[in-house]
Protein chains: 2
Amino acid sequence: MITTMAGTVKVYEEVLKEIKNYIHNNHLSPGDKLPSERELAEELTAGRSSVREALRAMELLGLIETRRGEGTFLRSYRPFHTVELLSTFILQESTTKKDLLVSKKIIEKEATKLAFSKFEQEHITQLESILNQEVDAQQRHYLFFMSIFGHAENYLLQKIWQLMEEFSNAIGVNLYDNGFYYRLLQVLKNREYSKIESVFANY
Amino acid sequence: MITTMAGTVKVYEEVLKEIKNYIHNNHLSPGDKLPSERELAEELTAGRSSVREALRAMELLGLIETRRGEGTFLRSYRPFHTVELLSTFILQESTTKKDLLVSKKIIEKEATKLAFSKFEQEHITQLESILNQEVDAQQRHYLFFMSIFGHAENYLLQKIWQLMEEFSNAIGVNLYDNGFYYRLLQVLKNREYSKIESVFANY
DNA sequence: CAGCTTCACTGGTCTGACCACTCGCTACTA
DNA sequence: TAGTAGCGAGTGGTCAGACCAGTGAAGCTG
């Protein structure tokens, strides 16, 4: 007699589904409050810990926000948190340093291109002042591209880049020399979009 | 005196980080076994429930697999069921969606460029046969670029792309039309590296 | 009325107790 | 001896209950 009972559905998965239904049936929107953990547990005839497991998973996915003393709130979903978390695992999996550096450079290059049309004189000045700051190379690189991301208007790409930046700092690689930043700045000043590729291509 | 203690990190988040470290430090690969919940709890000086919250969240993300009576195992990342869950929650914020699509396109474009030098006739043929398959647009897009990633030799970028692809499928957007693939194929056939940008630029 | 205290409620965490299941070892049987 | 039934340790699944730590509003105090 082989039963193995692989078909048993875990309570927390069931709870998850119920919460989903609850949100749907009550037409909840981001910012709206969910029932308290204790209420949910009683309502769904489940233990509070099971409810919490479901809620914690949802929180990690960025679907809800919990505030101690206040409650649990639906939140507008942004894949960033998830992508960020998963990227962490994926990054740890991929042992190849080269993959990381190549990918990071691609993002930096494309972010520059995204930001290009929005660049004005004051932004150029801002970038210049960053380069003149008395900070170490890592810090300067970070500030320089964060400023660029400020105009690229792609939060997702920025998050991924920040993560990659952290990892490459941990690895301790310095991809660019001083000349790079000034060459890139020059290209931006002269508004030569087509030359952005070539500035990066040399590294 | 305002403290509010918003800086308190939740235990389960800490546990998550520790598990991540454990995996990394012990060079665990998919299929390897993690310590039991009770061991982890004792090791990290946390309650078993907190450990479980972290593990459940990881399980929902598809990072681990748990087998009752056996243990918890690391698993090669497969976002499938996660994405299905997320898709029902996703509130299609235009900016978020746009970020995702723009980022995905960038990666697809750059992957194509990375793969360019390695393309040979047989690869072109492979891409053509994918386009001729009787599958839906999503599936075809996936296969097409997975084939390209096969030559791009950047596993990290590929992983990130797969993740984005899952998300955009969940959102249900179809960025490219049929002509796109053939135009791209044509460019690859003629070995016109510089035209890759423009093929993507029109979408 | 302003300011403070109290208290009910909410999430955060831990503990201990069972249950259901897996697997290996033991002891019994053929 | 060989094979097998079953016991027991270990593991995840779940629950109940306890206590802590914030929040906010009602109610008290001056």
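Sequence lines set the chain letters: A, B, ... in the order given, protein chains first and strands last, and positions in each chain run from 1. No experiment lies behind these values; they were computed from the predicted model shown.
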Q. Reading nucleotides 9-16 of chain C from the 5' end, what letters show protein touch, with B for base, S for backbone sugar-phosphate only, - for no heavy atom under 4.0 Å?
A. -BBBBBB-
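In this structure, B:F73 places its CZ atom 12 Å from C1' of D:dG10, rounding to the nearest Å.
Heavy atoms from other residues, nucleotides or ligands lying under 6.0 Å from NZ of A:K17 number 12 at most.
Summarising the geometry, atom OH belonging to B:Y12 is positioned 12.0 Å from atom CD1 belonging to B:I19; distances are rounded to the nearest 0.5 Å. The NZ atom of B:K159 sits 14.5 Å away from the CE atom of B:M164 when rounded to the nearest 0.5 Å.
Qualifying side chain to side chain donor-acceptor pair (under 3.5 Å) partners for A:E128, counting only residues two or more places apart in sequence or in other chains: A:K189.
Checked against a 6.0 Å centroid threshold, the rings of B:F180 and B:F200 count as neighbours.
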